[in-house]
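Report on the following structure.
Computed from a predicted structure; not experimentally measured.
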Protein chains: 2
Amino acid sequence: MDSTVENVRSQMRKGVLEYCILSILSRKEAYASSIIEELKAANMIVVEGTLYPLLIRQKNQGLLSYRWEESTQGPPRKYYVITEKGREILSEMDSAWQEIVSTINALRNHE
Amino acid sequence: MDSTVENVRSQMRKGVLEYCILSILSRKEAYASSIIEELKAANMIVVEGTLYPLLIRQKNQGLLSYRWEESTQGPPRKYYVITEKGREILSEMDSAWQEIVSTINALRNHE
DNA sequence: TTTAATACCTTGTATCGCAAAGTACCAATA
DNA sequence: TATTGGTACTTTGCGATACAAGGTATTAAA
């Protein structure tokens, strides 16, 4: 049951997910669960099975590193930290995003 | 050669492709090749193998219909026409898009 | 010692864009 | 009439990716 619109909505979210992750981590380091919380607060529904592989991908691309930290209430947390390369890529993502926004504006308001 | 950024750029485009198609067809009917031209002009690179299945999908969802028209120079063209339902969905896509834009703004400029 | 909460990770599935190859129609030209 | 080139539509196979679902491990409280 496809609900066209929900599908489109989730497609649009997908396109900017990596951008959102890097953006969050550019402000302060964070661990997966807290990133999910922050995304949820911003109306970007993301689940664990999506986020973990994505963080690992970005780490493998050199955009992130991480360190373990003990928690007072539960297992240790893997705090991800944005790298210098990550910041460079983030800034290129800013451009890419602006470009898409312009494109949509052009297409949507043209004439 | 993954070029992270080009990958992200294309991910972002994917997310709004259906939106762009409906948007173009909301102004006037068009056939596949002309849609590709228009998208190219707007900086959205799309190829046949992407567009045709997508048009068929949207037609099957009742967002589009089509009619054949003879061409003076080549085989007949399949002109796609947006339906009433298509216009409704397009307007919901407008909302979805605005929401994503707000989300990004919130995440990107927060603090 | 069992339960609940927190946190990390993996597997299988479905979707989707894209490259590439295929089919068909038409017109001009050899 | 046979061939070539241009236009247009369609299909197949592949790779990437989000997500549902299930799994492991640690800690603290009941």
Inset, instruction - Show which residues join B:Tyr79 in its hydrophobic cluster (side-chain heavy-atom contacts under 4.5 Å, direct or indirect), or state none. - result: B:Tyr31
Inset, instruction - Taking only the side-chain nitrogens and oxygens of B:Lys14, find out if one of them lies under 4.0 Å from OP1 or OP2 of C:dC18. - result: no
Inset, instruction - Taking B:Lys85 for its side chain and B:Gln61 for its backbone only, find out whether a donor-acceptor pair lies under 3.5 Å. - result: yes
Legend entry - DNA chain D contacts among residues 47-55 of chain B, heavy-atom distance under 4.0 Å: B:Glu48, B:Gly49, B:Tyr52
Inset, instruction - Using a 4.0 Å heavy-atom cut-off, write out nucleotides 23-30 of chain C from 5' to 3' as B (base contacted by protein), S (sugar-phosphate only) or - (no contact). - result: --BSS---
Inset, instruction - Give one of base, sugar-phosphate or nothing for A:Arg13, where a contact means two heavy atoms less than 4.0 Å apart. - result: nothing
Legend entry - Atom-pair distance (NZ on A:Lys78; C1' on C:dT10), nearest Å: 13 Å
Legend entry - Rounded interatomic separation in angstrom, taking CD from B:Glu18 and P from C:dT15: 13 Å
Inset, instruction - Show your reasoning for whether side-chain contact (heavy atoms from CB on, under 4.5 Å) applies to A:Leu22 and A:Leu64. - result: CA-CA 8 Å; A:Leu22 271 193; A:Leu64 305 178; 3.7 Å; yes
Inset, instruction - Residues of residues 32-45 of chain A with any non-hydrogen atom less than 4.0 angstrom from an atom of DNA chain C: list those, numerically ordered, please. - result: A:Ala32, A:Ser33
Legend entry - Covered region of DNA chain D, 5' end to 3' end, by chain A [heavy atoms, under 4.0 Å]: D:dT17 to D:dA28
Inset, instruction - Hey, could you give me each pair passing salt bridge (Lys or Arg N to Asp or Glu O under 4.0 Å) that has a residue in residues 46-62 of chain B? Not counting sequence neighbours. - result: B:Glu18-B:Arg57
